[in-house]
Amino acid sequence: MWTVFWKELADNFRSWRFFIIFVIICLAALSATYTAAQTIIENVTRTPTEFVFLRLFTTSGTTLPSFIFFLSFFGPLIGIIFGFDAINSERSRGTLSMVLSQPLYRDSLINGKFLAGLTTIAIIIASIILIISGLGYRMIGIMPDLAEVGRILVFFIICLLYVGFWLGLGILFSVLFRRAITSVLSTISIWLVFTLFISMIAGLAADRVAPVQDQSDVDAVLEHQRVQETTMRVSPTTLFGEATETVLNPGTRTLRGIVLVREVQGMIPGPLSLGQSLMLVWPHLVSLLTLTAICFAISYIRFMREEIRST
Amino acid sequence: MAQVMLEARQLTKAYNSTVVVDRLDLRIQEGEIYGFLGPNGAGKTTTILMFLGLTEPTSGEARIHGYDATRDATKVKRITGYLPENVGFYEDMTARENLKYVARLNSIPESEATQKIGDLLKLVGLADVANQEVGKYSKGMKQRLGIANVLIKEPRLVILDEPTTGIDPEGVNLILDLIVHMAREQGMAVLLCSHLLYQVQKICDRVGIIVDGKLVAEGSMQQMGQIMTGEGQHLLEVRVTQLDDKLIESISAIPTVRSVERLGDTLIIKSGEDITDKISRIVVDAGSLPLMIRAQDYTLEEIYMKYFREE
């Protein structure tokens, strides 16, 4: 498997797609950070001074969204681009038959390609985080403290889990479909559903299951909210968004959109420790991991016993 | 007693209700070149795929050097080289890089691999283009690279699917020489699939004809020829000092003669029985003298057509 891994990794770094993605994400990251830093500097007197560094990632400017919004929306595309033609390009180039007639287990091919893709993505994301940190430090003049560094590391891992899922999905479709165009269109359709349409679907579901009228009492409203949130969490984009918000905003203590006044009164103000923040989101991380595992399971089932012809 | 390298017992493959390979029994020994002939769609490639674990047999078993081809596929692939009909290489890598990748997949140590690759490239005549991208190679060059690819793991069994189809005559001879070298000098068992009967006839020790998934005839060239003679098809080539139509008439008059053809100054006579003696008598009686009377060996094409036409 490692032979496949190293070759695919080298191929990834030599490819056009790596170059283009890196340039785009660099530009997006730099512009998002620049406006975020500006906003932080302008509002420095009005906001608390803890965890300022983290706000580089989460603050949005007037016209540009924050960096994590950009990542939640376009991160999947990175995963998809590295995965959508993993297996079907080997088929169309005629090399699949050649490689599989060598003494290696078939799953090594999928695993090697996945790991190479994930490593490439990890290097890209890590570089971007470092670039943002560098630019941010330059602009706001504040170094991150240990707690912030810890949260940034956890953020990095959440990014990997998220993009890793989309990579796995891309590879799954590259196994299922013969032609790269079909696999890329299918994965992009799923991306659209999970990013754009999920909120509509969630709203519709909530309206059907737990409808709310003007005179409804608190419980009905809460129920509606609950159904909506749960449906939204079907989408990995929501899971990523909630997880990163919680990790990068230590003040986040609940994931619920509506919090009753009596509940707020019982809360102790102040930021959460990293462990406490993680307790809020561990289900999210496990779900992302499980989704990726399911993609792999289906890929294996399909690929392991498939007939491989050279023509 | 040479070792049996490949053994198929009642090997069957059916897609839904269509039986593509029907209870095939086959044995190939080391050092033997076995020709696998048959029309398109007869089941040759499917049989080969079953030998390599690239598809699963419906019933029956295939063993290569004792290993089960489906269950111990990796062990089989370690000792089997496969050159498919459309050999695929990574076009953006050079020949040397492609071979290095395959060597690594076969766990051949780096130093040994470099030496082997150099020798093999020389053997197949690609030494001076070894550092060019395979995308620029002609079909003949790719085919020769395919042979180098097959030999790099020093296999005990080599399976070639249409290795000379579409190659220029000079390239064909080079490839045929390489195949003979594999069997004679390196003691490999060779399974050769081809439509090009003349070439198969030149180098194969034994031949098997497969039609509609069944092995309808098998044997050495001599044995195959005897099948034809046994069926009452004798071919005589006759040259005489004085050739005229009267002589041809007298020969045609012999009851067992099926046809008499004149090619220049040679007569080709097809008869149900061996009539060499009768021909000599007739020639002398006609006032001529026989210069040459030769029983012609059957070409593989005639034998093949007989079975093909019978279906």
Side-chain angles (χ1 to χ4, degrees), chain A residues 1-19 82 85-113 115-117 120 174-175 178-180 300-311, chain B residues 13 15 20 40 45-46 48-57 67 70 72-93 97-108 110 113 134-135 142 145-146 149-150 152-153 155 157-159 161-162 165:
Chain A
M1 175 187 88
W2 293 109
T3 315
V4 177
F5 167 74
W6 286 113
K7 174 199 167 288
E8 292 296 325
L9 193 62
D11 278 352
N12 278 345
F13 279 111
R14 279 190 294 190
S15 61
W16 280 113
R17 55 183 101 178
F18 170 75
F19 181 70
F82 280 108
D85 68 348
I87 301 293
N88 46 22
S89 73
E90 298 271 343
R91 239 192 276 270
S92 55
R93 284 184 287 177
T95 51
L96 189 62
S97 173
M98 194 273 282
V99 172
L100 287 183
S101 62
Q102 309 306 328
L104 84 162
Y105 294 109
R106 279 200 201 183
D107 59 339
S108 307
L109 196 59
I110 294 183
N111 297 345
K113 285 189 179 252
L115 275 177
T120 315
S174 83
V175 167
R178 297 237 139 204
R179 292 167 57 206
Y300 285 159
I301 292 173
R302 221 357 238 283
F303 190 53
M304 289 321 229
R305 320 255 302 244
E306 202 183 319
E307 181 176 291
I308 313 286
R309 283 191 183 250
S310 70
T311 38
Chain B
K13 177 73 183 175
Y15 294 103
V20 171
N40 290 325
T45 307
T46 313
I48 289 178
L49 293 181
M50 284 194 276
F51 290 146
L52 292 163
L54 292 174
T55 191
E56 246 179 87
Y67 300 121
T70 320
D72 294 322
T74 4
K75 292 208 188 88
V76 164
K77 287 172 195 173
R78 250 184 263 278
I79 53 168
T80 308
Y82 174 44
L83 181 60
E85 199 170 337
N86 298 308
V87 63
F89 290 105
Y90 292 105
E91 310 245 307
D92 51 344
M93 289 174 19
E97 286 168 352
N98 266 288
L99 289 178
K100 270 208 201 118
Y101 183 53
V102 173
R104 257 183 248 136
L105 287 174
N106 280 284
S107 316
I108 300 174
E110 186 89 25
V134 176
K142 283 194 192 149
L145 183 59
N149 196 27
V150 151
I152 196 159
K153 56 172 116 165
L157 168 69
V158 175
I159 300 182
D161 201 347
E162 305 283 353
T165 309

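Every chain is numbered from 1, with letters handed out A, B, ... down the list of sequences.
When heavy atoms are compared at a cutoff of 4.5 Å, E306(A) approaches chain B solely by way of its backbone atoms N, CA, C and O. Neither the backbone nor the side chain of K100(B) comes within less than 4.5 Å of any heavy atom in chain A. At a 4.5 Å heavy-atom cutoff, the contact between Y15(B) and chain A is made by side-chain atoms alone. In this structure, no portion of K75(B) lies under 4.5 Å from any heavy atom of chain A.
Between E91(B) and K142(B) there is a salt bridge, since at least one side-chain N of the basic residue sits less than 4.0 Å from a carboxylate O of the acidic one.
Evaluated for a salt bridge (Lys or Arg N to Asp or Glu O under 4.0 Å) with D85(A), the options R91(A), R17(A), R179(A) yield exactly one hit, R17(A).
Taking chain B as the reference chain and counting heavy-atom pairs below 4.5 Å, the highest number among L100(A), T3(A), L96(A) is found for T3(A). No other option in T55(B), L52(B), L54(B) has as many heavy-atom pairs under 4.5 Å with chain A as L54(B). Counting heavy-atom pairs closer than 4.5 Å to chain A, the top-ranked of the candidates D161(B), T46(B), V76(B) is T46(B).
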*Between L49(B) and K13(B), does a side-chain contact (heavy atoms from CB on, under 4.5 Å) hold up when you go through it step by step?*
CA-CA 10 Å; L49(B) 293 181; K13(B) 177 73 183 175; over 6 Å; no
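Side-chain contact of N111(A) with Y300(A): a donor-acceptor pair under 3.5 Å is present, judged by distance alone.
When side chains are defined from C-beta on, V134(B) does not count as touching Y90(B), because their heavy atoms never get closer than 4.5 Å. Between E162(B) and T45(B) there is no side-chain heavy-atom pair separated by less than 4.5 Å.
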